[in-house]
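In listed order, ligands and their atoms are each counted from 1. Owing to the predicted nature of the structure, the values given are computational and were not obtained by experimental measurement.
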Amino acid sequence: MTFLPIPLRIETERLILTPPQPCDAEWFTELLNARRADTFTVAEVLERIDVMTKTTETTGIGALVLRKRPDGEALGYTAIVVGRGSLDEPELAYELLRRAHGYGYATEAARALLDAAFDTGRRRIWSTIGSWNAPSLRVAAKLGFRRDHCTTEVVGDVVWMVCDR
Ligand SMILES: CC(C)(COP(=O)(O)OP(=O)(O)OC[C@H]1O[C@@H](n2cnc3c(N)ncnc32)[C@H](O)[C@@H]1OP(=O)(O)O)[C@@H](O)C(=O)NCCC(=O)NCCS
């Protein structure tokens, strides 16, 4: 089965979503270092952005940055990735800078990307979320995901949320 690529520009009421660029490395480093044990340098994140660009070119799925209208301030990213899923049934992900939490931006952006992911021809999208991550579980529920099952991993219990269309 072949799928259309996700669009590389999506507009919502308050946001414009476009792929990460080298100029995003600084805030992306801040975002990645905020909740992970390992720390990344800006140079490493620049390499990651390059890999992300190539992955999107080859697979047709990947990350889009949330850029606030009208000034384009970057708030975080939302992505369709293989993750714990597959190319046919990939995962939806989202992660925002702390200062952007609590305004509905994750829901707004992820909803638009989820719609776009289904428009590629896919019928099922997953989201795997730590059972402790109430805000993320809430976003998934608002988007129409339902709990499928739970796995226990090194990071703790992971809830597999699924959305079918
Ligand atoms: C998860 C995350 C992306 C949410 O971003 P956001 O823009 O604040 O999300 P939204 O504002 O769209 O929605 C958040 C919802 O969670 C709710 N919420 C927030 N904190 C909560 C808590 N402690 N318990 C229960 N619900 C909570 C909010 O009230 C809101 O629901 P509502 O609209 O019904 O009121 C953001 O918290 C984040 O980046 N977290 C760190 C990265 C992460 O965990 N990513 C997901 C990995 S699976």
Side-chain angles (χ1 to χ4, degrees), residues 6 10-21 24-40 42 44-45 48-49 51-52 55-56 59 61-87 89-118 122 124-165:
I6 57 163
I10 299 177
E11 296 190 12
T12 68
E13 190 188 340
R14 295 178 294 170
L15 304 167
I16 295 176
L17 312 180
T18 58
Q21 304 295 323
D24 292 307
E26 200 103 4
W27 66 262
F28 225 120
T29 307
E30 179 191 338
L31 179 73
L32 293 177
N33 289 342
R35 70 180 190 115
R36 286 173 183 80
D38 331 326
T39 51
F40 296 93
V42 173
E44 286 165 343
V45 172
R48 278 175 82 113
I49 290 173
V51 171
M52 288 159 89
T55 302
T56 304
T59 65
I61 58 174
L64 297 177
V65 172
L66 281 65
R67 304 187 197 276
K68 198 164 84 167
R69 294 166 185 259
D71 58 339
E73 179 194 352
L75 304 178
Y77 72 88
T78 181
I80 294 289
V81 292
V82 169
R84 294 183 180 88
S86 64
L87 206 49
E89 296 187 9
E91 272 204 63
L92 175 70
Y94 31 79
E95 186 168 6
L96 270 56
L97 290 163
R98 190 163 295 278
R99 56 184 170 271
H101 291 189
Y103 299 98
Y105 288 130
T107 306
E108 182 173 327
R111 178 172 285 134
L113 182 59
L114 180 65
D115 285 345
F118 283 121
R122 292 176 170 86
R124 170 169 278 192
I125 307 287
W126 294 91
S127 186
T128 59
I129 302 173
S131 60
W132 63 91
N133 195 339
S136 184
L137 287 166
R138 176 73 190 129
V139 171
K142 286 195 289 182
L143 297 175
F145 283 78
R146 61 177 168 79
R147 279 173 190 255
D148 187 76
H149 64 281
C150 195
T151 50
T152 301
E153 304 186 6
V154 181
V155 290
D157 286 346
V158 173
V159 183
W160 291 63
M161 304 286 285
V162 69
C163 186
D164 291 320
R165 197 159 293 176

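For R147, the side chain to side chain contact (heavy atoms under 4.5 Å, CB included) criterion is met by L137, V159, M161, not counting sequence neighbours. Residues passing the salt bridge (charged side-chain N to carboxylate O under 4.0 Å, His left out) test with R67 are D24, sequence neighbours excluded.
Geometrically, R48 does not engage F28 in a cation-pi contact defined by less than 6.0 Å to the ring centre and at most 45° from the axis.
Protein residues lining ligand 1, listed by chain and number: R35, Y94, E95, L96, H101, G102, Y103, G104, Y105, A106, T107, T128, I129, N133, A134, P135, S136, R138, V139, K142 [non-hydrogen atoms, distance under 4.0 Å].
Not less than 6.0 angstrom separates the ring centroid of Y105 from the ring centroid of Y94.
Contact detail for L31 and G76: the closest heavy-atom pair is CD2-CA, 4.4 Å.
Within the structure, ring pair (Phe, Tyr, Trp, His ring centres under 6.0 Å) contacts touching residues 131-153 (residues at least two apart or in different chains) are H149-W160.
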